[in-house]
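One structure is given below, encoded as structure tokens.
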Number of protein chains: 4
Amino acid sequence: MTLNNSQARLFSFVQRIETLLEERKGINEGISDIKTEAKSAGFDNKVIMQMIRERAMSQAEREEWQSLCELYRATLGMLDGTPMSDNARRHMSRDEKDDREAGVDDMFDPTPEPEPAASPAEARGQGAEAFRSGKRVTENPFPAGDPARASWDEGWCSEAGSDGMDIPPEWRRSPKKAEKGDEA
Amino acid sequence: MTLNNSQARLFSFVQRIETLLEERKGINEGISDIKTEAKSAGFDNKVIMQMIRERAMSQAEREEWQSLCELYRATLGMLDGTPMSDNARRHMSRDEKDDREAGVDDMFDPTPEPEPAASPAEARGQGAEAFRSGKRVTENPFPAGDPARASWDEGWCSEAGSDGMDIPPEWRRSPKKAEKGDEA
Amino acid sequence: MTLNNSQARLFSFVQRIETLLEERKGINEGISDIKTEAKSAGFDNKVIMQMIRERAMSQAEREEWQSLCELYRATLGMLDGTPMSDNARRHMSRDEKDDREAGVDDMFDPTPEPEPAASPAEARGQGAEAFRSGKRVTENPFPAGDPARASWDEGWCSEAGSDGMDIPPEWRRSPKKAEKGDEA
Amino acid sequence: MTLNNSQARLFSFVQRIETLLEERKGINEGISDIKTEAKSAGFDNKVIMQMIRERAMSQAEREEWQSLCELYRATLGMLDGTPMSDNARRHMSRDEKDDREAGVDDMFDPTPEPEPAASPAEARGQGAEAFRSGKRVTENPFPAGDPARASWDEGWCSEAGSDGMDIPPEWRRSPKKAEKGDEA
DNA sequence: CGTGACTCTTTAGAGC
DNA sequence: GCTCTAAAGAGTCACG
């Protein structure tokens, strides 16, 4: 019997798809089983799935995504006391690298002079003023753990977004490269 | 090294899920390939997927679904010239089976008397009148191929849905049984 | 204050989207409410949604979709006793319209000669034979209500799909027209 | 005319749903328009949607979610140079609040003694050692901007997850409270 | 081809 | 502990 007829071919297509759908169903059940096990071990499956999503990105993609989120968060005043990460600061300063050697290198000053305590509002004002003075976001003077650090960030970003300039290039996302095998 | 620690267990869960997700991705690509092949062979993938869905139902479920669709279509005047199927007629008469032996058996009369030609509007009126006379939907006098057959159905169903009665039981879907291995 | 700055524009976009999402949420709740009401009135919401989908199609699209489903069903032997509709027969014969005036017109013969009773297997064989004799699917001799009618269809379609021909054109879906305002 | 009949009620349900679907379609188009506008203004819509999602959470939910993500990230060695946030440290120390007054208050020491420069590997080892010494994650000695800060976190978290203990309570998500109007 | 929307399946949460 | 409901995710389809 030749396969070259409509009926047999249709049957073939239908059955091959059904087989694969069946296998997929089995895999989905396997995933559910693992999640059940993880849950009863005390893990949070939603967070686990988020980790899996992040592991699927290249490190560069991951950093860019998180940097943009932090930038937008700071601009919208949603930092909630969490200062921006160094990666985000670096990301925001990447276009100035020709000016100074820049970003990450001089971002860490091992012996900062102690900054006097500042209220959130004061720190916000200082951040805004720092932007107006041409300072970069990497120059936030407050150390980790200081609640003023996040406020300064919000002030700086808010001011950076307020002075009538167009969207600066670091707000834009890098176009995806051809990403050859970076899923490892 | 004992597996009984949070870090190793977390890693394990993450990797097991990732493996399965990877397999699932492969299967999805296989399905897509088959669809591409079917499409270029001239088949309509949407219809193929519909067939697969229907093959996954038991025959009873399939018939009930189609009967309900036809019933609603007739009531909404959307038959477009397609008379209801015998299955749907039978489905709609299932609650009267105690009255008469019923439905399918006497639905087919091999020697019907010829019905004089009727316009759609006339046939619709006759269907409505038939309902009022207590006739069942299985008693549509027009033969297959007669355009009046669908119109009679619409008239009957419309009248059946119009006389202030509550929703009759055959409009309701049968509750799903525990369905033990009925996917054959 | 000028709106021409990043921060204010970002806020604006965010809030406008949030407003619309909020409205959409309200609408979705409205839909859910109606479905709840319909369900408690005894209707089947899945069927209702199907009707809405069909009402959104033009009559021609609707008929083509259903015809293709019936054709595939017949080929796969899934008619379950439901003969194909006249629309589907017409659809399958549309490419022969030049031969004879065609399809619907002569599909209904008000005085068919009575066909002797046939078992499903016999009817199936007769359908296949009819195809081989060059008969069209519109010439199914069994009347509505006769269980043999569907079997004849299955036989005819199965044979039509089995003779090594390529997929006939009526299996293919018509390309969508520009459909200008046909949603009425 | 009484509405108390099947046909009219079905029509009513169908049309009411259709109306709402139509409105929803309009809203979706509005959202698309705004996104198009935002995109051409240089914003990243994906990030905007993420911000909207976060704005819909209460601050407590947002912080817990991000803390758990950071904790898992640290355990899986995915910090990529971004130290954990103070919120996450606080979250992880919340069950020790009875021991010492705790967490946020003493987390910020305005005059830390300068820490000698450390390589990532050294810092990781110091973090692990710190955990074994009973130190809390809030006691990371490296300042913001120091690349060693994140490494110390990874070491600490990794060790915390490795010592055969059961999942500590702070890994678990807080059960959702009845949340009466906390979306502000 | 890539994005968005809609449906449906699965999963998490609440109540008995 | 189990069921039921509501929400989230994945998949598919259509549009630009």
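Just so it is clear: chains get the letters A, B, ... in the order the sequence lines come, proteins before strands, and each one is counted from 1.
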Partners passing salt bridge (charged side-chain N to carboxylate O under 4.0 Å, His left out) against A/Asp33 (at least two apart in sequence or in another chain): none
Which value, rounded to the nearest 0.5 Å, describes the distance between [X] atom [atom1] and [Y] atom [atom2]?
X: C/Tyr72; Y: A/Leu10; atom1: OH; atom2: CG; value: 6.5 Å
X: B/Phe11; Y: B/Glu18; atom1: CZ; atom2: CD; value: 9.5 Å
X: C/Glu63; Y: C/Glu70; atom1: CD; atom2: CD; value: 10.5 Å
X: C/Ile31; Y: C/Arg24; atom1: CD1; atom2: CZ; value: 10.5 Å

Length of the line joining [X]:[atom1] and [N]:[atom2], which is rounded to integer Å:
X: A/Arg53; N: F/dA8; atom1: CZ; atom2: P; result: 13 Å
X: C/Gln50; N: E/dT7; atom1: CD; atom2: P; result: 11 Å
X: A/Lys39; N: E/dT10; atom1: NZ; atom2: P; result: 18 Å
X: A/Ile52; N: F/dG9; atom1: CD1; atom2: P; result: 13 Å
X: A/Asp44; N: F/dA8; atom1: CG; atom2: P; result: 14 Å
X: D/Trp65; N: E/dA12; atom1: CH2; atom2: C1'; result: 13 Å

So what does C/Met49 touch, heavy atoms closer than 4.0 Å: a base, only the sugar-phosphate, or nothing? sugar-phosphate
For C/Gln66, all residues meeting side chain to side chain donor-acceptor pair (under 3.5 Å), sequence neighbours excluded: none
Dump every N/O contact between nucleotides 1-3 of chain F and the protein below 3.5 Å, one line per pair.
none

Residues pairing under ring-ring contact (aromatic ring centres under 6.0 Å, His included) where one sits in residues 17-36 of chain C, two or more places apart or in two chains, turn out to be none
Write down the protein N/O and nucleotide N/O pairs, taken from nucleotides 1-6 of chain E, whose separation is under 3.5 Å; answer none if there are no such pairs.
from  : atom 1 : to      : atom 2 : distance (Å)
E/dC6 : OP1    : D/Asn28 : ND2    : 3.0
E/dC6 : OP2    : D/Asn28 : ND2    : 3.1

Taking salt bridge (Lys or Arg N to Asp or Glu O under 4.0 Å) as the cut-off, I'd like each qualifying pair that reaches into residues 34-44 of chain A, sequence neighbours left out, listed once.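 Residue pairs passing salt bridge (Lys or Arg N to Asp or Glu O under 4.0 Å), neighbours aside: A/Glu37-B/Arg16, A/Asp44-D/Arg173.
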